[in-house]
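Just below is one structure, and these are the notes that go with it.
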Amino acid sequence: MANNTVENTARSLHANIQHIDCNDPLYVHPSDTLGLQIVPQLLIGTKNYSEWSRSMKMSLLGKNKLGFIDGTCTRDLYENNTFQLRQWDRCNSIVQSWIMSSVAKELSKGIVFFSNA
């Protein structure tokens, strides 16, 4: 009897799992981890901003996360779906951590308090 309860609970949980297509900006690949450095150089200021910006945009495009910084993937697009809203928050945090990992420490102190990538 207890075994049936566990099986029913597992089936119920599995039925509620929502899947995200790998082409969706909300998809998180297993290699998309917090703190990952996705560009080869750190942003140190205006001196290397152009190269850093281009590298960052290329990397984010390759990971299908460019919309988090260019304004095409905004939180309000997902307000009607709690699962997608949580997933957007998760992706936004990942993108923020990638940005933080790619700037000099002096610059990251100001970035850490931004709420959106």
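As a basis for the values below, the full set of heavy atoms in this structure was taken, side chains included, without hydrogen atoms, waters or symmetry mates.
- For residues 102-117, the set of pairs meeting the side-chain hydrogen bond (donor to acceptor under 3.5 Å, both in side chains) definition, not counting sequence neighbours, comprises W52-S102.
- In this structure, the separation between CD1 on I38 and CD1 on I94 is 11.0 Å, given to the nearest 0.5 Å.
- Across all non-hydrogen atoms, the minimal contact from L26 to D24 is N-OD1, 2.7 Å.
- Distance OG/S101 to CD/Q96: 11.5 Å, rounded to 0.5 Å.
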Under 3.5 Å, side-chain donor or acceptor atoms of residues 64-74 against the rest of the protein: list the pairs with distances, not counting sequence neighbours.
residue: N64; atom: ND2; partner: N23; partner atom: O; Å: 2.7
residue: K65; atom: NZ; partner: P25; partner atom: O; Å: 3.0
residue: K65; atom: NZ; partner: Y27; partner atom: O; Å: 2.4
residue: D70; atom: OD1; partner: T72; partner atom: N; Å: 3.0
residue: D70; atom: OD1; partner: T72; partner atom: OG1; Å: 2.7
residue: T74; atom: OG1; partner: D76; partner atom: OD1; Å: 2.4

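- Side-chain contact between S55 and M58 is absent, with no heavy-atom pair separated by less than 4.5 Å.
- The OG1 atom of T33 sits 8.0 Å away from atom CH2 of W98, with the distance rounded to the nearest 0.5 Å.
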Considering only distance and modelled atom types, tabulate donor-acceptor pairs under 3.5 Å from the side chains of residues 39-51, sequence neighbours left out.
residue: Q41; atom: NE2; partner: E51; partner atom: O; Å: 3.4
residue: N48; atom: OD1; partner: I44; partner atom: N; Å: 3.0
residue: N48; atom: ND2; partner: L42; partner atom: O; Å: 2.7

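- Remark: Q87 pairs with no residue by the side-chain hydrogen bond (donor to acceptor under 3.5 Å, both in side chains) rule, at least two apart or across chains.
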### Task
Test side chain to side chain contact (heavy atoms under 4.5 Å, CB included) on S31 and K63 and set out the steps.
CA-CA 10 Å; S31 69; K63 292 185 166 292; 4.3 Å; yes
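- A search for salt bridge (Lys or Arg N to Asp or Glu O under 4.0 Å) contacts involving D89 returns R75, not counting sequence neighbours.
- The side-chain heavy atoms of L60 and M56, taken from C-beta on, include a pair separated by under 4.5 Å.
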Side-chain donor-acceptor pairs under 3.5 Å in residues 78-86, sequence neighbours left out?
residue: N81; atom: OD1; partner: F83; partner atom: N; Å: 3.0
residue: N81; atom: OD1; partner: Q84; partner atom: N; Å: 3.0

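- S97 contributes atom OG, which lies 11.5 Å from atom CD of Q37 (distance to the nearest 0.5 angstrom).
- Both I20 and V28 are assigned to one and the same hydrophobic cluster, defined by single-linkage of ILVMFWY side chains at heavy-atom distances under 4.5 Å.
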